[in-house]
There are 2 protein chains.
Amino acid sequence: MDTWIAVDWGTSNLRAWKMGADGRAVEEAGSDAGMGTLDRDGFEPALLALIEPWLTEGEVTPAVACGMVGARQGWVEAAYARAPCPPVSAGGFVRAPVKDPRFSFHIVPGVQQSGPDDVMRGEETQVAGFLKKEPDFDGVLCLPGTHTKWVHISAGEIVSFNTFMTGEMFALLSKNSVLRHSVTSDGWDEAEFDAAVETALSKPEQAAANLFRIRAGSLLSGLEPAAARARLSGLLVGMELAGSKPYWLGRDLVLIGNKSLSANYRRALSLCGLEAREADASEMTLSGLSQAHADLTKAGVPL
Amino acid sequence: MDTWIAVDWGTSNLRAWKMGADGRAVEEAGSDAGMGTLDRDGFEPALLALIEPWLTEGEVTPAVACGMVGARQGWVEAAYARAPCPPVSAGGFVRAPVKDPRFSFHIVPGVQQSGPDDVMRGEETQVAGFLKKEPDFDGVLCLPGTHTKWVHISAGEIVSFNTFMTGEMFALLSKNSVLRHSVTSDGWDEAEFDAAVETALSKPEQAAANLFRIRAGSLLSGLEPAAARARLSGLLVGMELAGSKPYWLGRDLVLIGNKSLSANYRRALSLCGLEAREADASEMTLSGLSQAHADLTKAGVPL
């Protein structure tokens, strides 16, 4: 009965881990059955397709999930906790109705902020995972991704946070805009990235003009696809650093994200004179879900 | 033999006018056979589908065209003129090979700029049309669109110009990003637009964060779809005005674009204390093509 299942269920991906008695993942499975691809009846079958082999007849194995699965368009809506608040607290978990008697499904709520309005779903669990490792952390966590989050942490709570659409803008501009004719490579050019970060930091208001110059540069000056891609990324990350300065300036800053994206943010921040630390995103997610599972058990929530 | 055909051939649309002896359009036709939808063999049939009824057996009716039809991916590439230069000069026209003996096809070249790199195709013809009306104009023309151009004019020449991808970003963000769930209306909210312009003017570096707040606002604060749409537009136009300030500050400024888009720019500029004039885009295009046709005739180019 010590076995449980950790689930990270985002808009475009689903990942699940079978957790052993020692708190470590013993099996892992994933699919592209993200929340955005499913209607309400699709969630249970999509999950069972991954976790069925881990279930035991006559036992109820609890699953604890974070991410967009708890959104209004998800399986069951989990109302947001309100910042300032701890990233995860036992009170707000929502249970999804499942037909299969061999498991139960519990969703970690996201966090909202008023004035200015902002929301997160999934990142709060990574924050909880990080705070398990560094409970006295006082500083800022940056979680780069489709919607990058900057989260101010103090006294074990999320004090405030700020979301930037940088990752989604990079995806749209590189794949769906006129720049797709210039960004035709997965390559990279570090010097071009650095120069673009500096350009955007000094003139963020020129963003829409500097973006078009990528196209003009490949038409007129032989700008290479790898350089075009790095420049696009540098312009967007640089603009984000200009805008998020109140979050990172003079702070203890830790990046939690996939390795290559975190490396870009780390490099751009070093151009601003700040040496950020890094933590592994998957590890933080699993650690946060373990914390949530422990909280649920402690609170006597029937699993 | 005084009849000729004016053609405005962009990436997504094709428009043609039968021009009478008095220099006015007597017939008009259009289709969505834009340059982006055609391979090289597709251009002549696409044009004939519109102009066939205007052609006369045994005569060669000249057609004069501007726009992306002259791009590398167009019918025939028309090499860019280099700014500083007059918007249209007889030297650079390129003739496309046509099979039908009843017409000839001449393309107005675009204009390029080095340092910083920039390009235009089609706008130079509108600029020429405007200068026909106001030959002594000394100031700036703003041509709002998918890729908005700011063009500094002096002594009948394009001195310099600057392209902003504002229109394309609006289209991508409102239709393909997470904001599509918030911008579900064609409605408008003038006060929301004004507020967003002011926000972007004062903090352009916050663009990617302010964009996400549109989504958060509709999730948490009941931001209405029409208000979301106006806010998205205001944030992008405001950022552009912050970035194009060296172009418009203290200048005689004329907007050339479609009516509703020009009205938005005009309103945003008035928040900056600048009263811009407006000129009709179609009228400027036709006037510029007439100028090009006259130049061709005068230069003795065999039509």
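No experiment lies behind these values; they were computed from the predicted model shown. Just so you know, these numbers use all the heavy atoms, side chains as well, and skip hydrogens, waters and symmetry mates. In the text below, chain A, chain B and the rest are named by the order of the sequence lines, each starting its count at 1.
- Of the atoms belonging to A:Lys175, not a single heavy atom falls under 4.5 Å from chain B.
- Note on B:Glu240, B:His147, B:Arg72: by heavy-atom pairs under 4.5 Å with chain A, the leading option is B:His147.
- Classification of the A:Trp75-A:Trp9 ring pair by plane angle, with boundaries at 30° and 60°, yields perpendicular.
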Problem set entry | Evaluation steps, side chain to side chain contact (heavy atoms under 4.5 Å, CB included), between B:Glu168 and A:Phe212 | CA-CA 10 Å; B:Glu168 186 162 19; A:Phe212 189 77; over 6 Å; no
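- In terms of heavy-atom pairs under 4.5 Å with chain A, the best-connected choice from B:Ala208, B:Gly36, B:Pro204 is B:Ala208.
- Only the side chain of A:Ala207 comes within less than 4.5 Å of a heavy atom of chain B; its backbone N, CA, C and O stay farther away.
- When each of A:Leu241, A:Val178, A:Leu211 is scored by its heavy-atom pairs under 4.5 Å with chain B, the top score falls to A:Val178.
- Among the candidates B:Leu172, B:Thr163, B:Val119, B:Asn210, the residue making the largest number of heavy-atom pairs closer than 4.5 Å to chain A is B:Thr163.
- More than 12 heavy atoms of other residues, nucleotides or ligands shown are found within 6.0 angstrom of CZ on A:Arg40.
- Heavy atoms closer than 4.5 Å to chain B are found in the side chain of A:Met169, but not in its backbone.
- Of the two parts of A:Asp118, the backbone and the side chain both hold a non-hydrogen atom closer than 4.5 Å to a non-hydrogen atom of chain B.
- Ring geometry, A:Tyr247 versus A:His152: the interplanar angle exceeds 60°, so the pair is classed perpendicular (tilted spans 30 to 60°).
- Highest contact tally toward chain A, considering only B:Ala200, B:Ser114, B:Gly238, B:Ser221, is held by B:Ser221 [criterion: heavy-atom pairs under 4.5 Å].
- Nearest approach of B:Trp150 to B:Leu269, heavy atoms of both residues: CH2-CD2, 4.4 Å.
- Side-chain polar atoms of B:Arg229 and B:Ser185 form no donor-acceptor pair below 3.5 angstrom.
- With chain A as the partner, the residue from B:Thr166, B:Thr146, B:Asn162 showing the most heavy-atom pairs under 4.5 Å is B:Asn162.
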Problem set entry | Candidate pair A:Phe170 and A:Ser233, rule side chain to side chain contact (heavy atoms under 4.5 Å, CB included), full reasoning | CA-CA 7 Å; A:Phe170 178 83; A:Ser233 173; 3.8 Å; yes
